[in-house]
Student: 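Okay, here's the structure, questions in a sec.
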Amino acid sequence: MSLPHAILFDLDDTLIRAYAQPEEAWRRLLHVFSAHLDIHDDAVALEKVRVAIMEEARAFWSDQAAAAEWRLKIPEARRLSVRQGLKRLGRPDDALADRIADAFTEMRRQEYRLYPDAHATVDALRARGVKLALVTNGASEMQRAKIERFDLEHRFDHIQIEGEFGQGKPELAVYRHALERLDCAAADAWMVGDNYEWEVVAPQKLGMCGIWYDPYDAGIPHNATAQPTRVIRRLGELLPA
């Protein structure tokens, strides 16, 4: 597959490991709070808390209209999910819920990691003349901090953040604007990322190639409404052999 004129990259869990494998992260965090939850090292009880929190979070984010608003306030949204999770278990404690949510937010921030081949892949694509855009959802301050922390800004011809642009993926205007800034037709562009709806389904509606990044080999979702143009497990697979 020859390289296109332009490639749009997602940021979180594509160039940097940010929110992947939440089950494992929540188990670690809740273990720290086991005494505060009065369940100490009871693995079964801790798992019930994790499940309640994550199911509340899934329900919270399933409302697309609300999600578009709360993506700009993720720490606050996380507090609401944890509060609801504890209430669901019959132990409402907003103060404790907020401490747990904030600790999870900080733990994740500290554990952000650049994927090993991210810089090398992006730099190699630039060297081959491919125009590059970084297109990410989220608040400006949070996403700009990641971009600076991982030395990404100078590597892209265009950076587009939901909190600055005013719209986020999967709104088609988001992809159209990035393509305009790169002076590229949709048919000659790829979108690369880990979110099936945002990086495969929506871009393909415009005629772009949707490249799904699946580093943990999760496999195509069973309810997928579109097939990715390509599936990669490492960013380096984007480069010609």
Side-chain angles (χ1 to χ4, degrees), residues 10-14 16-34 36-37 39 44-112 135-143 145-146 161-172 174 193-202 212-214 216 218 221-225:
D10 174 48
L11 176 62
D12 294 322
D13 294 313
T14 298
I16 65 172
R17 188 183 188 278
Y19 306 114
Q21 298 179 305
E23 294 87 355
E24 183 273 337
W26 273 113
R27 288 190 183 102
R28 283 190 289 116
L29 190 281
L30 290 172
H31 179 74
V32 174
F33 279 89
S34 61
H36 300 276
L37 290 162
I39 50 180
V44 173
L46 281 172
E47 188 66 3
K48 287 181 179 178
V49 177
R50 180 196 68 79
V51 170
I53 290 172
M54 292 194 68
E55 286 186 352
E56 289 295 334
R58 276 192 285 272
F60 183 89
W61 291 108
S62 66
D63 183 334
Q64 293 189 3
E69 173 187 354
W70 284 99
R71 278 198 303 264
L72 304 181
K73 301 179 289 186
I74 288 179
E76 293 88 343
R78 186 170 289 126
R79 282 185 168 196
L80 295 178
S81 295
V82 179
R83 287 183 181 188
Q84 286 301 117
L86 295 189
K87 287 178 183 176
R88 174 174 166 178
L89 296 172
R91 50 183 312 138
D93 187 334
D94 288 354
L96 176 59
D98 290 353
R99 287 171 58 201
I100 292 172
D102 293 348
F104 187 85
T105 297
E106 179 59 18
M107 182 183 79
R108 286 302 234 184
R109 188 190 69 79
Q110 291 183 8
E111 293 179 353
Y112 293 156
V135 181
T136 178
N137 285 356
S140 175
E141 182 178 1
M142 179 180 293
Q143 300 306 78
K146 295 173 188 173
I161 301 172
E162 179 182 18
E164 297 172 356
F165 179 63
Q167 289 180 285
K169 298 175 286 187
E171 296 297 329
L172 298 185
V174 169
D194 70 298
N195 185 296
Y196 211 87
E197 177 68 26
W198 300 350
E199 275 85 54
V200 175
V201 178
W212 191 43
Y213 182 51
D214 183 22
Y216 301 103
H222 72 279
N223 58 346
T225 58

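Please read these numbers as outputs of a predicted model, since none were measured by experiment.
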Student: Taking ring pair (Phe, Tyr, Trp, His ring centres under 6.0 Å) as the criterion, tell me which of W26, F33, Y19 meets it with F104.
Tutor: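 The passing option is W26.
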Student: Looking at side-chain heavy atoms only, is the closest gap between M107 and V32 below 4.5 Å?
Tutor: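 M107 vs V32: side chains apart.
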Student: Contact between I39 and V49 at the side-chain level, heavy atoms closer than 4.5 Å - yes or no?
Tutor: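 Sidechains of V49 and I39: in contact.
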Student: Are there more than 12 heavy atoms of other residues, nucleotides or ligands under 6.0 Å from atom CD of E23?
Tutor: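 Counting other residues, nucleotides and ligands, CD of E23 exceeds 12 neighbours.
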Student: Of the non-hydrogen atoms in K87 and P92, which two are nearest, and what is the gap between them?
Tutor: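 Between these two residues, the closest heavy atoms are CG-CB, 3.6 Å.
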Student: Output the distance between atom NZ (K146) and atom CD (E141), rounded to the nearest 0.5 Å.
Tutor: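 Between K146 NZ and E141 CD, I get 12.0 Å after rounding to 0.5 Å.
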Student: To the nearest 0.5 Å, how far apart are CG in D63 and CD in E69?
Tutor: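 CD of E69 is found 10.0 Å from CG of D63.
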Student: Which heavy atom in D10 sits nearest to a heavy atom in G193, and how many Å separate them?
Tutor: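 What the structure gives for the nearest pair is CB-CA, 3.8 Å.
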Student: Let's go through E56 and L80 carefully: what are the C-alpha distance in whole Å and the side-chain angles of both, what is the deciding distance for side-chain contact (heavy atoms from CB on, under 4.5 Å) to 0.1 Å, and is it a yes or a no?
Tutor: CA-CA 9 Å; E56 289 295 334; L80 295 178; over 6 Å; no
Student: Which atom names give the shortest non-hydrogen contact between A101 and V82, and what distance separates them?
Tutor: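 The answer is CB-CG2, 3.8 Å.
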Student: Would you call R79-E76 a salt bridge at under 4.0 Å N-O?
Tutor: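 E76 and R79: not salt-bridged.
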Student: Do side-chain atoms of D194 reach the backbone of Y213 as a donor and acceptor pair under 3.5 angstrom?
Tutor: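 Checking the backbone N and O of Y213 against the side chain of D194, no donor-acceptor pair under 3.5 Å is found.
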Student: Return the CG to CH2 distance between N137 and W198, rounded to the nearest 0.5 Å.
Tutor: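 Between N137 CG and W198 CH2, I get 4.5 Å after rounding to 0.5 Å.
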Student: Tell me if the NE2 atom of H31 is crowded by more than 12 foreign heavy atoms within 6.0 Å.
Tutor: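 No.
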Student: From Q84 CD over to L89 CG, what is the distance, rounded to the nearest 0.5 angstrom?
Tutor: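 Interatomic distance, Q84 CD to L89 CG, rounded to 0.5 Å: 11.0 Å.
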Student: Would you name the heavy atoms of S81 and A57 that are closest together and state the gap between them?
Tutor: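 That closest heavy-atom pairing would be OG-CA, 3.5 Å.
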Student: Mind checking what makes side-chain hydrogen bond (donor to acceptor under 3.5 Å, both in side chains) contact with T105, not counting sequence neighbours?
Tutor: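 Checked T105 against side-chain hydrogen bond (donor to acceptor under 3.5 Å, both in side chains); matches are R78.
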Student: Taking all heavy atoms of W61 and all of A77, pick out the closest pair and write down the distance.
Tutor: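 Minimum heavy-atom separation between W61 and A77: CZ2-CB, 3.7 Å.
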Student: Closest heavy-atom contact between E162 and A68?
Tutor: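 E162 and A68 have their closest heavy atoms at OE2-O, 3.7 Å.
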Student: Could you grab the distance from atom CG of L86 to atom CD1 of I100, nearest 0.5 Å is fine?
Tutor: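 CD1 of I100 is found 5.5 Å from CG of L86.
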Student: Under the criterion side-chain contact (heavy atoms from CB on, under 4.5 Å), I'd like the reasoning laid out for L29 against R108: C-alpha separation, chi angles, the key distance, then a yes or no.
Tutor: CA-CA 10 Å; L29 190 281; R108 286 302 234 184; over 6 Å; no
Student: With a 4.0 Å cut-off on N to O distance, would you call E24 and R28 a salt bridge?
Tutor: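 Yes.
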Student: Does the pair L11 and I16 meet the rule for a side-chain contact (heavy atoms from CB on, under 4.5 Å), with working shown?
Tutor: CA-CA 6 Å; L11 176 62; I16 65 172; 4.3 Å; yes
Student: Take atom NZ in K48; do more than 12 heavy atoms of anything else shown fall under 6.0 Å from it?
Tutor: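 Counting other residues, nucleotides and ligands, NZ of K48 stays at 12 neighbours or fewer.
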Student: If you round to the nearest 0.5 Å, how far is CD of E199 from NZ of K169?
Tutor: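 Going from NZ on K169 over to CD on E199, the span is 4.0 Å.
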Student: If we check side-chain contact (heavy atoms from CB on, under 4.5 Å) with T136, which of these qualifies: V174, T14, D12?
Tutor: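 Testing T136 for a side-chain contact (heavy atoms from CB on, under 4.5 Å) against V174, T14, D12 leaves exactly one candidate, D12.
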Student: Should the heavy atoms of other residues, nucleotides or ligands under 6.0 Å from CD of Q64 be counted, would the total exceed 12?
Tutor: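 Not buried by this count: 12 neighbours or fewer within 6.0 Å.
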Student: Can you name the salt bridge (Lys or Arg N to Asp or Glu O under 4.0 Å) partners of E197, sequence neighbours left out?
Tutor: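 None.
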